[in-house]
**Student:** 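One structure, pasted below without further comment.
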Amino acid sequence: MAAGFRLPSPIQPRGAVPVAMDKGHGAGTLKKCLEVLRDARNDSEQLAALLLVTKAVRAGELDSKTRRQIFDAIGFTFPNRLLSSRQTPPGCPEHTFMALGLTLLACFCTEPELAGHSQILNKIPTFGDVLLAPFNPDCTSMVDDAYQCLTAVLATPRGPKEMVTKGALSALCQAYVNGGYGSERALELLLGLLAVSEVRCWQRDAPHLLAVLNKLSERFVEAEDATKFELCQLLPRFIPLSPPLAEVSRGSECIHQLYRGLADILGSKLSHWQRDPALKLAASLVQACGSEWIPAGSAGSKFLALLVNLACVEVRLTLEEPDPMEVEGKKEVVTACYVLIEMGIQECLKEEESLLDEAQRMQLMRIMEEAFGAVVFYLRQVKEEELQDPFVFASVRILGAWMAEETSSLKQEICELLPFLVRYAKKLFKEGGPAENLPQASGLVSSDSSILTQDALRFLLPGFCHLTAEDRPRDILISEGAPALLCDYFLHQWEVLTSQPGSLTSAEMSLQTLCGIFLNLVVTAPDLIRQEKAFSSLMDKLLKSLPSLLPQKDHLVLAANIATLGLMMARILSSSAVLQKTGPAKEFFRATIRFLSQAHTAQADPGSHGLSLAISPAYMSAWDDIRELWFLGMQALASCVPLFPWLPHAVLQAQWLEELSELLRRVTAASVDFELIAAFQGVLVELVRASEPCRAVILSHHGEEWANLYGMAALEQCLSKQ
């Protein structure tokens with residue numbers, strides 16, 4: 001050591017070091033070193049002892065107790081000064097102090113309680129700098145120590161968040177992309193970091209993560225050995241759901257590379273250990289991009305058909321297997337196959353821009369029907385103690401997707417399964433289930449899994465809506481108590497919607513579908529509406545919810561559903577206490593009158609100098625979805641007029657009769673179609689019959705004249721009576 005060399009500042013021992021040391025190689029030397037550290041008279045003696053300590057540390061022969069003794073003797077202060085010092089002893093490499101400091105910190109990090117210490121977490125930027133420094137063959141131990149420290153930090157509770165915010169994420173990405181010494185360890189750490197903090201990672205540093213994905217994708221295309229299949233297992237972790245991969249330039253490049261690599265694999269004869277990770281990778285791409293990652297054209301359509309075909313075969317081979325243990329080992333890949341099959345369903349149903357031609361669609365529908373036969377077979381074997389298995393949920397979910405679109409297929413089998421589906425959905429709804437238990441293939445993350453519990457009903461509702469329109473399945477659903485369950489679910493989803501105001505949510509879609517189910521029951525099973533107590537609670541909720549919902553233009557479709565359902569139910573439950581001239585009942589009917597009366601307006605007719613009847617601008621974008629509901633609501637309102645004596649007065653207060661009279665007088669008769677004339681006449685006739693003031697208002701606004709003009713014979717007859 002050069003004469004006169006001094007460390008940045010003196011180091012004071014932190015206390016006596018226990019004399020007793022563990023026996024073994026180097027124990028005596030360590031004992032002497034620690035004694036020197038304790039009793040050192042100058043920096044040179046301390047540094048000499050420290051060099052011996054770090055040599056023993058690097059030998060990797062220290063147990064936990066000895067490492068703790070070293071920390072007790074040294075603490076964090078001295079390694080901190082070593083890392084921050086820029087002064088190097090003459091004749092020593094410039095990185096001498098930093099190397100010593102890193103070795104000590106790597107030693108300390110082997111103790112979990114020290115790895116999470118703020119003194120270690122604050123060094124994360126330093127560890128990242130070491131990984132990105134220009135390569136020096138003499139500094140490999142420093143890189144190893146930095147990786148060891150980061151590995152230990154990752155395992156601590158605060159570690160992942162600190163690694164993201166303090167730059168380790170970007171450093172690891174760059175270290176892997178640069179491909180220098182230790183780059184594979186960088187990849188391992190990235191995998192671990194994404195496994196516990198994926199959303200935060202992508203929000204913080206999407207560009208660097210995309211660079212890693214790009215390099216992995218290039219390796220994936222180029223590999224011609226087992227590496228290709230190993231990359232299949234790694235890649236899903238680097239495919240983000242957000243930001244959308246297809247919407248960034250480098251993402252599009254990655255997608256193309258991944259498609260090419262998968263096309264090479266799946267176009268070859270494969271064993272299951274090769275095929276399974278490829279199917280999982282394809283499923284992760286579907287979750288991130290839908291079918292957009294598959295190019296249009298003949299090659300793309302053949303690939304998509306092959307992909308769905310392979311998924312269906314895998315489902316059948318697994319779920320028709322009589323050995324439960326075989327099924328257990330394949331659940332992960334079958335879950336991935338479900339994702340691919342759902343994509344197949346969507347492609348088969350597309351009216352425009354489908355990747356499949358008609359022949360391919362027909363063939364795939366037959367193949368998928370066979371796969372869903374296997375899903376039904378599996379679900380019929382599920383035992384009570386297996387109901388919390390996430391794979392059962394995944395199987396019910398994909399079956400719900402099939403039932404929503406293909407109503408005629410497997411009808412007998414699905415009817416036999418309905419009791420199980422209702423009991424299962426009820427159990428999950430009543431008991432709830434943690435979102436993190438949702439079944440996903442390795443590396444797949446559902447967009448639902450972060451916010452939803454195991455909500456089986458949500459995925460079964462569209463199928464139930466179809467089934468309640470048919471006698472046999474409707475009778476089964478009723479006998480299994482589904483209507484009461486669905487009423488409770490409506491109340492729950494309403495609470496979810498009102499607690500998350502804003503854009504269209506899954507809760508809003510569920511509420512709309514539930515209204516469709518209840519409308520089917522109102523029409524086909526009115527006695528059920530009268531007898532089932534749950535419908536009284538539902539009626540009360542409809543009365544109270546519409547007035548606040550209707551002014552929110554973003555929720556017009558849901559408001560139309562609730563208004564129409566409420567009117568239809570009011571016809572049946574007119575004697576119910578909640579409808580006896582109560583405040584909520586009056587407010588509900590005022591809201592329905594606003595909804596029905598504001599749907600049409602007069603506008604200039606380009607083909608003439610007059611005005612024509614048109615859909616109001618506020619209703620235009622939603623009219624395709626609410627048109628039938630509006631006409632059904634008009635019929636229901638007409639039926640309600642004789643049942644509620646105070647209802648005509650509500651119409652008069654809204655001045656609907658004056659506005660409608662003015663509208664029909666202004667527009668050309670040819671612009672009002674027969675169906676619309678019939679709807680208006682149905683309501684007007686009932687109002688005239690029930691209320692002399694209503695008759696008087698219509699007459700005072702030339703009602704007889706325009707009734708004759710539009711061919712409203714029934715209304716003319718009512719108006720002419722004294």
Side-chain angles (χ1 to χ4, degrees), residues 487 490-491 494 511-512 515 518-519 522-523 526 529-530 535-553 555-600 616 618-619 626-661 663 679-698 715:
C487 287
F490 184 98
L491 301 179
W494 178 258
L511 288 166
Q512 292 177 22
C515 287
F518 296 140
L519 282 170
V522 166
V523 173
I529 307 300
R530 295 187 188 94
F535 283 104
S536 294
S537 299
L538 176 62
M539 186 77 245
D540 184 57
K541 178 57 69 175
L542 297 178
L543 296 179
K544 294 175 180 176
S545 60
L546 183 64
S548 62
L549 184 67
L550 189 60
Q552 304 176 43
K553 298 306 180 184
H555 299 297
L556 183 59
V557 176
L558 178 58
N561 275 276
I562 289 179
T564 304
L565 175 61
L567 289 169
M568 296 286 284
M569 288 180 61
R571 298 184 313 167
I572 300 172
L573 300 175
S574 59
S575 60
S576 172
V578 296
L579 286 164
Q580 298 308 305
K581 206 176 181 179
T582 62
K586 286 187 172 182
E587 286 299 316
F588 171 81
F589 276 100
R590 290 192 190 105
T592 60
I593 291 167
R594 285 200 304 275
F595 164 67
L596 295 171
S597 65
Q598 295 174 2
H600 297 87
S616 299
Y619 286 61
I626 66 176
R627 181 183 182 278
E628 291 186 14
L629 291 167
W630 186 87
F631 280 102
L632 188 58
M634 289 289 284
Q635 294 176 26
L637 179 64
S639 299
C640 287
V641 171
L643 301 174
F644 301 97
W646 45 267
L647 188 50
H649 181 66
V651 174
L652 289 171
Q653 282 186 316
Q655 296 188 314
W656 186 14
L657 297 179
E658 294 91 333
E659 293 171 2
L660 181 57
S661 298
L663 181 64
F680 286 140
Q681 179 173 236
V683 173
L684 293 170
V685 165
E686 293 299 335
L687 288 170
V688 170
R689 287 174 177 170
S691 167
E692 184 58 35
C694 286
R695 178 174 176 271
V697 169
I698 295 173
L715 178 60

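All values reported here derive from a predicted model rather than from experimental measurement.
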**Student:** Applying ring pair (Phe, Tyr, Trp, His ring centres under 6.0 Å), name anything that partners F631, two or more places apart in sequence or on another chain.
**Tutor:** none
**Student:** Please name the pair of heavy atoms, one in I698 and one in V688, separated by the smallest distance, quoted to 0.1 Å.
**Tutor:**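 Of all heavy-atom pairs spanning I698 and V688, the closest is CD1-CG2, 3.6 Å.
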**Student:** Would you say that P648 contacts V641 through its side chain, given a criterion of any heavy-atom pair below 4.5 Å between the two side chains?
**Tutor:** yes
**Student:** Give me the atom names and distance for the closest heavy-atom approach of A618 to L556.
**Tutor:**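 Shortest heavy-atom separation between A618 and L556 comes out as O-CD2, 3.6 Å.
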**Student:** The criterion is ring pair (Phe, Tyr, Trp, His ring centres under 6.0 Å); which residues satisfy it with F589, sequence neighbours excluded?
**Tutor:** F644, W646
**Student:** Would you call T564 and E628 a side-chain contact if the rule is heavy atoms closer than 4.5 Å?
**Tutor:** no
**Student:** Heavy atoms only: give me the nearest F588-G566 pair and the separation to one decimal.
**Tutor:** CZ-CA, 3.5 Å
**Student:** For S616, does its backbone N or O pair with a side-chain atom of Q598 as donor and acceptor, under 3.5 Å?
**Tutor:**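 It does not hold such a pair.
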**Student:** If only atom types and distance count, is the side chain of T582 paired as donor or acceptor with the main-chain N or O of A585 below 3.5 Å?
**Tutor:**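 Yes; at least one donor-acceptor contact below 3.5 Å.
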**Student:** Within a strict 4.5 Å, meaning less than it, do heavy atoms of the L629 and L519 side chains meet?
**Tutor:**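 Contact flag for L629/L519 side chains = yes.
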**Student:** What side-chain donor-acceptor pairs closer than 3.5 Å can you find for residues 536-544, not counting sequence neighbours?
**Tutor:**
{"residue": "D540", "atom": "OD2", "partner": "K544", "partner atom": "NZ", "Å": "3.1"}

**Student:** In Å and rounded to the nearest 0.5 Å, what is the CD1 to OG distance from I562 to S545?
**Tutor:**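 So the gap between those two atoms works out to 4.0 Å.
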**Student:** Which atom names give the shortest non-hydrogen contact between R530 and I572, and what distance separates them?
**Tutor:** CG-CG2, 3.3 Å
**Student:** What are the two closest heavy atoms between T592 and A563, and how far apart are they?
**Tutor:** CG2-CB, 4.0 Å
**Student:** Less than 4.5 Å apart, any side-chain heavy atom of C694 and any of L657?
**Tutor:** yes
**Student:** R594 and P547: which non-hydrogen atoms are nearest, and at how many Å?
**Tutor:** NH2-O, 4.4 Å
**Student:** Are any of the side-chain heavy atoms of L596 and L567 separated by less than 4.5 Å?
**Tutor:**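 Yes, their side chains come closer than 4.5 Å.
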**Student:** Quick one: does F680's side chain get under 4.5 Å of M634's, heavy atoms only?
**Tutor:** yes
**Student:** Do L546 and F595 come within less than 4.5 Å of each other through their side chains, counting heavy atoms only?
**Tutor:** no
**Student:** Using 0.5 Å steps for rounding, measure from the SG atom of C515 to the CE atom of M568.
**Tutor:**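 Atom-to-atom, C515:SG and M568:CE are 12.0 Å apart.
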**Student:** For the pair Q635 (side chain) and V683 (backbone), establish whether a donor and an acceptor sit closer than 3.5 Å, ignoring hydrogens and angles.
**Tutor:**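 It does not hold such a pair.
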**Student:** Does E686 reach the main-chain N or O of G682 with its side chain, forming a donor-acceptor pair under 3.5 Å?
**Tutor:** no
